[in-house]
Amino acid sequence: LWGAANHDRATGVHRPLLGDVIAVGAVEGTGPALLRAHLDLVSLPLQTHNELRSGLSEASGVPLDNVVVSYSHTHAAGLFSPDREALPGGDMIPAYLAKMQATLGQAAQQAAASLEDAVVTYASGRCDMAANRDFWDEANDCYVCGLNPDVPADDTVLVARVTDQSGKLLALVVNYACHATTLAYENTLISPDFAGALRAEVTKLTGVPCIYAQGACGDLGPRRDYIGGPQAADQNGRWLAFAALSALESMGPPRTDYQYRGPVVSGATLGVWDDVPLGPEREVQVSQFGGSTYTLALPLRPKPDPKALQQELDEWLARQQEAEARGDSIAARDSGARAERARRWLSRVHTLPEGETYAYHYSAFRLGDAVWATCGGEPYNILQVELRRRFPDKAILLSPVSGDQPVDYLLPEDRYGQGLYQEEPSILAPGCLEKVIQAMAERIESLF
């Protein structure tokens, strides 16, 4: 996946890549009404992503608009676009995708057939494993994509605890925003990055599946980042796991609200809070279900010229060969990375629509007091921060990188024109992230 890598094929597996499928149905419903799949991949090409959603819909019986697929965005899992098939190792891509789709279809069918009454309880914790990654390099007079210790970062960990009606733990969902880029260009192992150790540690202690849901992390990455060995990915995963387990321990019993009970006169006048069972009105409120996938027309920036991109690719490949011939490994690496940037743009530009707008997709589903949402591309973290600010009494479980792979990043309007890496591959016009925030906020408002 890394342009700076000197290898083409993985040499082994650090931890297996997982795909988790969650089926959700209304309390009074007759079957599943929402299907969410979380995959340990950076993303899939738009056509493959849509084919996967269609297959999951068919396997589960859930309407296509209610099937969402999002990705952990691990950068240690390879690229699967058709233009990679001619490259070393690319011959394995078609068979891998076919097996993946079949396996996930079986998981979707199993999830849809295994519905049982359940209660989902939420708590927020804090983890500073993620940090801002828009760093100004004064010595080289440019922005680089790496740790910026001077800018605060969103450290929210949202944990969803799933139990049966008796309180028995069934599963956990951990929602956290951080690019899965611990393992970088020196790593040669297939890996889910920090999500692997996160899930392993949580499951080891709780005995139930732990599902990782990536958050909006266009400008966030691990503090300990771009490291070759898997130990760092495991360290980051444990860092997040312990924060998630702390949030889990903060929760009260299922089907209760933590409420103020009143004063008790003691040495001081004490304010006593308690876990209060839900009354009939609250039971109805927290059992509400609804939502769908929606489309928003967003303006496009001018598209790059495919002929110019091909010429750029050819020129950088030639420079790479020249550098390799003279034994200059650094120049060969840098030229190869530049060629990779052009290759990726070429792959994307052919999938962009004609015209001046892009049909951008997002989903929002109400599950009682919570919202489970997804959106396409890689938005900056302000998306989830702002939604949670606007709805402080709701649990917002947001997963981006859910299709719309061609749009790439969504930056705040004031971040354009500064030389940030994220602007280079972005195809949406300035102001689009703000439009997405407003559209999702209005949709969430309509669900309550």
Side-chain angles (χ1 to χ4, degrees), residues 13-22 36-43 69-77 107 120-131 133 153-162 169-184 187 189-217 220-227 229-251 372 374 381 384 395-402:
V13 177
H14 165 220
R15 292 179 183 267
L17 307 180
L18 300 187
D20 292 296
V21 181
I22 308 170
R36 276 180 68 121
H38 296 269
L39 311 184
D40 277 338
L41 298 173
V42 68
S43 65
V69 177
S70 65
Y71 305 90
S72 70
H73 207 50
T74 173
H75 284 47
V120 188
T121 310
Y122 303 86
S124 290
R126 296 283 177 260
C127 179
D128 61 355
M129 186 268 283
R133 64 177 197 153
D154 178 24
D155 60 359
T156 303
V157 183
L158 181 67
V159 176
R161 180 189 68 189
V162 185
L169 190 60
L170 300 176
L172 294 165
V173 181
V174 177
N175 186 206
Y176 184 69
C178 184
H179 254 79
T181 52
T182 313
L183 302 175
N187 170 59
L189 302 177
I190 296 292
S191 174
D193 207 274
F194 61 78
L198 158 70
R199 293 185 299 237
E201 290 293 333
V202 172
T203 297
K204 180 172 67 176
L205 184 67
T206 64
V208 300
C210 173
I211 299 152
Y212 175 63
Q214 180 63 274
C217 59
L220 301 181
R223 291 181 180 275
R224 299 182 60 81
D225 210 2
Y226 310 140
I227 298 171
Q231 297 83 2
D234 287 347
Q235 180 181 11
N236 282 343
R238 290 190 295 270
W239 196 344
L240 178 55
F242 299 150
L245 290 167
S246 176
L248 174 65
E249 286 302 309
S250 75
M251 296 183 191
W372 288 26
T374 62
N381 180 252
Q384 70 184 44
I396 308 291
L397 198 157
L398 174 67
S399 294
V401 201
S402 181

Could you give the side-chain donor-acceptor pairs of residues 120-131 under 3.5 Å, partners two or more places apart or in another chain?
residue	atom	partner	partner atom	Å
Thr121	OG1	Arg161	NH2	3.2
Tyr122	OH	Trp372	NE1	2.9
Arg126	NH1	Thr156	OG1	3.3
Asp128	OD1	Trp239	NE1	3.2

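- For Val13, the side-chain contact (heavy atoms from CB on, under 4.5 Å) partners two or more places apart in sequence, or in a different chain, are Ile190.
- Using a 4.5 Å heavy-atom cutoff, the side chains of Leu398 and Thr374 are not in contact.
- For the side chain to side chain contact (heavy atoms under 4.5 Å, CB included) test with His75, the passing option among Val42, Leu41, Thr182 is Val42; the others fail.
- By the side-chain contact (heavy atoms from CB on, under 4.5 Å) test, Leu170 pairs with Glu116, Ala118, Val162, Asp164, sequence neighbours left out.
- Checked against side chain to side chain donor-acceptor pair (under 3.5 Å), Arg15 has the following partners two or more places apart in sequence or in another chain: Asp234.
- The shortest distance between side-chain heavy atoms of Leu39 and Ser72 does not fall below 4.5 Å.
- Under the salt bridge (Lys or Arg N to Asp or Glu O under 4.0 Å) criterion, Arg133 pairs with no residue, sequence neighbours left out.
- Take His14 and apply the ring-ring contact (aromatic ring centres under 6.0 Å, His included) test, not counting sequence neighbours, and it matches no residue.
- In terms of heavy-atom proximity, Asn175 sits nearest to Ala213 at ND2-O, 2.8 Å.
- No donor-acceptor distance shorter than 3.5 angstrom exists from the side chain of Asp193 to the backbone of Ala76, with no hydrogens or angles considered.
- Taking the ring-ring contact (aromatic ring centres under 6.0 Å, His included) definition, one finds that His38 meets it with nothing, sequence neighbours left out.
- Counting all heavy atoms, side chain and backbone alike, Asp20 lies closest to Cys210 at OD2-O, 4.4 Å.
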Worksheet entry | side chain to side chain contact (heavy atoms under 4.5 Å, CB included) between Gln235 and Ile227, worked out | CA-CA 12 Å; Gln235 180 181 11; Ile227 298 171; over 6 Å; no
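- Residues Cys178 and Gly221 approach most closely at SG-C, 3.5 Å, considering heavy atoms.
- For Ser402, the side chain to side chain donor-acceptor pair (under 3.5 Å) criterion is met by no residue, not counting sequence neighbours.
- In terms of heavy atoms, Pro192 sits closest to Leu17 at N-CD2, 3.6 Å.
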Practice prompt. Any chance you could lay out the side chain to side chain contact (heavy atoms under 4.5 Å, CB included) test for Asn236 and Leu198, step after step, and finish with the verdict?
Written response: CA-CA 8 Å; Asn236 282 343; Leu198 158 70; over 6 Å; no
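- With sequence neighbours left out, Tyr212 forms a ring-ring contact (aromatic ring centres under 6.0 Å, His included) with Phe194.
- You'll find the side chain of Val157 reaches within 4.5 Å of the side chain of Val174, heavy atoms only.
- Under the 4.5 Å side-chain criterion, counting only non-hydrogen atoms from C-beta, Thr206 is in contact with Leu169.
- Under a 3.5 Å cut-off, the side chain of Glu201 and the backbone N or O of Phe242 do not form any donor-acceptor pair.
- Thr203 contributes a side-chain N or O that, together with a main-chain N or O of Val208, makes up a donor-acceptor pair within less than 3.5 Å.
- Under the rule for a side-chain contact (heavy atoms from CB on, under 4.5 Å), the partners of Ala177 that lie at least two apart in sequence or sit in another chain are Cys217, Leu220, Asn381, Gln384.
- Under the side chain to side chain donor-acceptor pair (under 3.5 Å) criterion, Gln231 pairs with no residue at all, not counting sequence neighbours.
- With a 6.0 Å radius and a threshold of 12 heavy atoms from other residues, nucleotides or ligands, Arg224 has its CZ atom at or below the threshold.
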Worksheet entry | Criterion side chain to side chain contact (heavy atoms under 4.5 Å, CB included) on Ile396 and Leu158, from CA distance to verdict | CA-CA 8 Å; Ile396 308 291; Leu158 181 67; 5.7 Å; no
Discussion item. Ile22 vs Ile211, test: side chain to side chain contact (heavy atoms under 4.5 Å, CB included). Steps then yes/no.
Written reply: CA-CA 9 Å; Ile22 308 170; Ile211 299 152; 3.9 Å; yes
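- For Thr74, there are no side chain to side chain donor-acceptor pair (under 3.5 Å) partners at least two apart in sequence or on another chain.
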